[in-house]
Amino acid sequence: MIREGVARVLKELLNIEEIPFNVPPQQELGDFSSAVCLSMAKQRRQSPMKIAQELAERLKSKLPPYMKDIGVSPPGYLNFIVDWPALAQDLIPRILQEGELFGKPVSQPGKKVFIEHTSVNPNKAMHIGHLRNSVLGDTVARVLKWSGFSTEVCNYIDDTGLQVVDVVTALLYLAPPSFTEGSDFKAIWGKFPADQPFDYFCWDLYARFQNELEKNPSLLEKREEVLHKIEGEIHPIAGFAKELATKIVQSHLETVAQLSIFYDLLNWESDIIARGFWETTFELLKGKGALRFETEGPNEGCWVVPFGGIVETAEGMKSLDKILVRSNGSLTYTGKDVAYQLWKFGLLKKDFLYKRWGSQANGEMLWTTAKEGEPGEKLSKSFGHAEMVINVIDTRQGYPQQVVVECLRQMGFKKEANKSIHMAYEVVNLSQQSARLLGASRSRLGMEETEEKKSYAMSGRSGTGVKAKDFIQMVKQKVIEKADHPLKESVASTLASAAIRYYLLKFTLESQIVFDFDEALKTTGDTGVYLEYAHARACSILRKAKEQKIDLQWRKDCIPKQLTETERGLLDGLSKFSSAVSKTGKTLRVSQLTEYAFDLATSFSNFYERPDPGADVQTPFIHLRDQELQTFRLSLVWAFQKVMGNMLNLMGMPMLERI
RNA sequence: GCGCCUGUAGCUCAGAUGGAUAGAGCUACGGACUUCUAAUCCGUGGGUCGGAGGUUCGAAUCCUCUCAGGCGCGCCA
């Protein structure tokens, strides 16, 4: 806000696009500075010092907002001295008045962003890697909504894939009683133990099935049989599979709800097929010549997107071309994805049928696509037809995502191709110690006895991974242990949720998280707990002030002539809120949120601990004799509490009034 | 083989558009609680930003090469 004001004036004066700012090495020089003059020196053929001096004079005669003075230092830096009282006078009452709306950009009517995240195979429990996806997606959605977009969040359910087939086959045939033609599924449902979550049982079962497949090839035939029956959609097994997937999806939704993650729509892959999305897409692609039918070579009999031809790899010759339709006529995942992407933009003439899934803990209705649902026109809301599409998928799927975008481009949907964003993030792996703790043997991890690796990939196939619900429970337990007083259940849950979201958010997208229990269970320092603590502390101060009947009414004459270092620090932090969030909305680098939030909380802690940094004694705000100063400092606390609350909201962390 | 990503303090990581002396947290050591909440704060220690060239007045940041690690290149999803 301070820097934006200066940047606006400078841009006008200099006619350049971006103004870089930084912090001077000595505080005496100024509160912040810019090196624009240095970079201008060459093209203007003037010494940077001279440019800076001239510019400073021009700025001084027409001071930007909140500026007290502008100085110059060699070799040509512009140093800005902030008029802190003026800033306080504008900023604090605005924060207090606007509350949740403070710093929010004006909305952009009609601009809709479609965000897909989570999209976990509905055949087993979620693990912490899936959680990273959900937290990233949910946070981006929150930030974009705040930025003024209308958002639609969807969770894609791949119910037609082999993973579901595997678990169904395992349930029906791996252990007695086996399914027999004509029988009902009562005995099969009876296999689920009462003392274990549904999705946990499937987790183990899936891993066991992968193991059994190698030993017992007859299961392969069974699997093939189950696959066809599910695809046929008429056999009772198809209904059973759908029921199973539905139950798992329910488990997933319950899991992420613990981290305040909700959706607008569940999109079932089977509905993409049933609604004939592909047929339309196929014609479009063929019409544009984007598809090629292979009559020879390794992809003989397939419809492919040409994407680089045949290349030599470590494992021999391979084709880079992407198959969309297999030689047996069936559709690949990428094929479905192209059709689905078209639907998201409203480019398909076809639509799903919808019905209500149920209301969620955030009060919003969750919809699902369904064969027996209603057409979109009959609903009060419309799904899809987005301006921009963000797919939160891990980086390993970069190649197929590229194919999807390329298909759009080839079909002539250039604008939509450019607005298709693959939000790619690195996976979560397990540290050596974590892998050991999970009891993963070397052989199960697929490694030699002497081999040592830094990290281990989680694997559904081998059942190696930290299950999301376990992790949430562990963090909760840890938070309770670490507290110096008994915690209410709800407080522990909130702290755990904040800690987990923070942990999954603070890494940059390119950073591979090597999950380590010690690291992930930390409750001190750079953690979500710190943010909650700072917020709750501010609440406590305000609560106590009210109890003591201290007048919190803002008066502009309460501002001191000189602000202390920690007061300035907090004020500066508060003033950066809007630009910090806006920046995240543009870059989608959500780790910048935790970075800013931590900085803000730190500046508050510093202010709280040392409001008068030079003094020997620090007086608690509510004991201050100077009523003006008391009002000012308590107003700062209040403003912090509001802005921190807004930050917590944006990161999906529930607020606590006291811990 | 080709492509993408990563390499910054003992450990885990930030460092958007190139800017002045590269920052946090954890760990270690030393200090501050009859409290507005010590899950906090203050201090000390810790770095040839993987390496080598180059561009630039100026490079952790841009370019080239190189070393090390991860991932991708399925008629899986």
Side-chain angles (χ1 to χ4, degrees), chain A residues 17-20 22-26 29 33-36 38-39 41-42 48 73-77 121 158 160-163 269 298-302 304 307-308 311-315 318-320 323 325-328 330 332-334 336-337 394-400 402 424 426-427 429 454-455 457 479 482-485 495 506-514 516 518-519 522-527 529-530 532-534 536-545 548 583 586-587 589 591-592 594-595 598-599 602 605-606 608-610 619-624 633-634 637 658-659:
Chain A
E17 303 224 334
E18 291 297 329
I19 312 285
N22 53 295
V23 185
Q26 287 112 28
L29 286 170
S33 60
S34 178
V36 266
L38 285 122
S39 47
K42 188 162 248 179
S73 63
Y77 286 97
N121 272 311
D158 177 10
T160 61
L162 219 48
Q163 295 221 19
E269 184 166 287
N299 296 336
E300 186 181 343
C302 302
V304 306
F307 217 67
V311 291
E312 195 187 329
T313 75
E315 294 113 46
K318 284 188 175 176
S319 169
L320 285 177
I323 294 166
V325 183
R326 300 185 187 101
S327 56
N328 68 4
S330 67
T332 64
Y333 174 79
T334 308
K336 291 170 211 167
D337 225 18
D394 76 60
T395 181
R396 294 175 301 189
Q397 291 195 45
Y399 184 56
Q402 225 179 310
E426 269 291 348
V427 292
N429 284 342
K454 216 180 157 194
S455 66
V479 159
K482 286 283 172 180
D484 57 4
H485 59 279
L495 286 177
K506 75 170 183 175
F507 295 90
T508 55
L509 298 177
E510 301 81 12
S511 175
Q512 198 179 82
I513 300 181
V514 180
D516 189 79
D518 288 341
E519 188 70 26
K522 265 176 22 183
T523 60
T524 60
D526 187 13
T527 65
V529 175
Y530 182 85
E532 290 285 357
Y533 189 77
R537 178 183 255 171
C539 289
S540 291
I541 296 168
L542 297 169
R543 186 170 53 241
K544 205 143 251 183
Q548 302 197 5
K583 190 172 77 178
K586 286 180 194 120
T587 60
R589 301 183 68 79
S591 57
Q592 290 169 332
T594 53
E595 201 186 344
F598 183 67
D599 276 351
T602 302
S605 293
N606 287 330
Y608 167 85
E609 295 279 350
R610 293 171 303 120
T619 313
F621 308 148
I622 58 170
H623 296 158
L624 281 169
R633 289 193 173 163
L634 286 173
V637 173
R658 70 198 320 164
I659 292 173

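Each chain gets a letter, A, B and so on, in the order its sequence line appears, and its residues count up from 1.
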Is the base of B/rA20 stacked against the aromatic ring of A/Tyr77, taking ring centres under 5.5 Å apart and planes under 30° as the test?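 Per 5.5 Å and 30° rule: yes, stacked.
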With a 4.0 Å cut-off on heavy atoms, is [X] in touch with a base, just the backbone sugar-phosphate, or nothing at all?
X	result
A/Glu300	base
A/Ala483	base
A/Gln397	base
A/Leu634	nothing
A/Pro48	nothing
A/Leu320	sugar-phosphate
A/Ala536	base
A/Ser330	nothing
A/Gln548	nothing
A/Ser327	base
A/Tyr608	base
A/Pro298	base
A/Lys586	nothing

Could you tell me how far apart [X] ([atom1]) and [N] ([atom2]) are, to the nearest whole angstrom?
X	N	atom1	atom2	value
A/Glu510	B/rC5	CD	P	9 Å
A/Gln512	B/rU12	CD	C1'	14 Å
A/Phe307	B/rC2	CZ	P	19 Å
A/Asp599	B/rG23	CG	C1'	10 Å
A/Tyr399	B/rG74	OH	P	7 Å

Which pair of non-hydrogen atoms, one from A/Pro48 and one from A/Leu38, has the smallest distance, and what is that distance?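 Heavy atoms of A/Pro48 and A/Leu38 come nearest at CB-CA, 4.0 Å.
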So which atom in A/Pro20 and which in A/Ser34 form the shortest heavy-atom distance, rounded to 0.1 Å?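 Closest approach of A/Pro20 to A/Ser34, heavy atoms only: O-OG, 2.7 Å.
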For atom [atom1], what is the distance between [N] and [M], given to the nearest Å?
N	M	atom1	result
B/rG47	B/rC13	C1'	15 Å
B/rU6	B/rA14	P	10 Å
B/rU17	B/rA59	P	15 Å
B/rG19	B/rC75	P	45 Å
B/rU27	B/rU34	P	24 Å
B/rU8	B/rG70	P	15 Å
B/rA20	B/rC65	C1'	31 Å
B/rG3	B/rU44	C1'	48 Å

[N]: pairing nucleotide in any strand, Watson-Crick or G-U under 3.5 angstrom:
N	answer
B/rC57	B/rG19
B/rU64	B/rA52
B/rG25	B/rC11
B/rG45	none
B/rC2	B/rG72
B/rC36	none

[X] side chain near [N] phosphate (N/O to OP1/OP2, under 4.0 Å):
X	N	value
A/Arg610	B/rC42	yes
A/Lys318	B/rG74	yes
A/Lys544	B/rU37	yes
A/Ser511	B/rA14	yes
A/Asn606	B/rC42	yes

For A/Arg326 and A/Thr508, find the nucleotide of RNA chain B closest to each by heavy atoms; which residue's nucleotide sits nearer the 5' end?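 Its nearest nucleotide being more 5', the pick is A/Thr508.
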Please figure out whether A/Val427 or A/Arg658 has its closest RNA chain B nucleotide nearer the 5' end.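 Result: A/Arg658.
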Of the nucleotides [options], which has the atom closest to the [X] side chain?
X	options	value
A/Tyr530	B/rU40, B/rA20, B/rG25	B/rU40
A/Thr523	B/rA24, B/rA16, B/rA39	B/rA39
A/Val479	B/rG25, B/rA39, B/rC41	B/rA39
A/Ser39	B/rU40, B/rG19, B/rA39	B/rG19
A/Tyr533	B/rA39, B/rG15, B/rC75	B/rA39
A/Glu609	B/rC26, B/rC41, B/rC75	B/rC41
A/Leu495	B/rA39, B/rG25, B/rC36	B/rA39
A/Arg537	B/rC75, B/rC26, B/rU37	B/rU37
A/Lys482	B/rA39, B/rC57, B/rC71	B/rA39
A/Phe507	B/rC13, B/rC36, B/rG25	B/rC13

N/O donor-acceptor pair, side chain A/Glu426 with base B/rU6, under 3.5 angstrom: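 Result: no qualifying N/O pair found.
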Measure distances between side-chain N and O atoms of A/Asp484 and base N and O atoms of B/rA39, and say whether any donor-acceptor pair falls under 3.5 Å.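 Counting by modelled atom types and ignoring angles, no donor-acceptor contact under 3.5 Å is found here.
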Scan side-chain atoms only and decide if A/Glu426 and A/Thr395 contain a donor-acceptor pair under the 3.5 Å cut-off.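 Judged by distance alone, the side chains do not pair up.
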Pair A/Lys506 + A/Glu595: basic N to acidic O under 4.0 Å: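 No.
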With a 4.0 Å cut-off, would you call A/Arg537 and A/Glu609 a salt bridge?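 Looking at A/Glu609 together with A/Arg537, the answer is yes, because their closest N to O distance falls below 4.0 Å.
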Expected output: side-chain [X] to main-chain [Y] donor-acceptor under 3.5 Å:
X	Y	answer
A/Tyr333	A/Pro400	no
A/Asn606	A/Thr602	yes
A/Ser327	A/Cys302	no

Identify the residue among A/Ser73, A/Pro24, A/Pro25 that makes a side-chain contact (heavy atoms from CB on, under 4.5 Å) with A/Ser33.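 In the set A/Ser73, A/Pro24, A/Pro25, the residue that makes a side-chain contact (heavy atoms from CB on, under 4.5 Å) with A/Ser33 is A/Pro24.
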Given A/Phe598 and A/Thr527, is the side chain to side chain contact (heavy atoms under 4.5 Å, CB included) satisfied, shown in steps? CA-CA 8 Å; A/Phe598 183 67; A/Thr527 65; over 6 Å; no
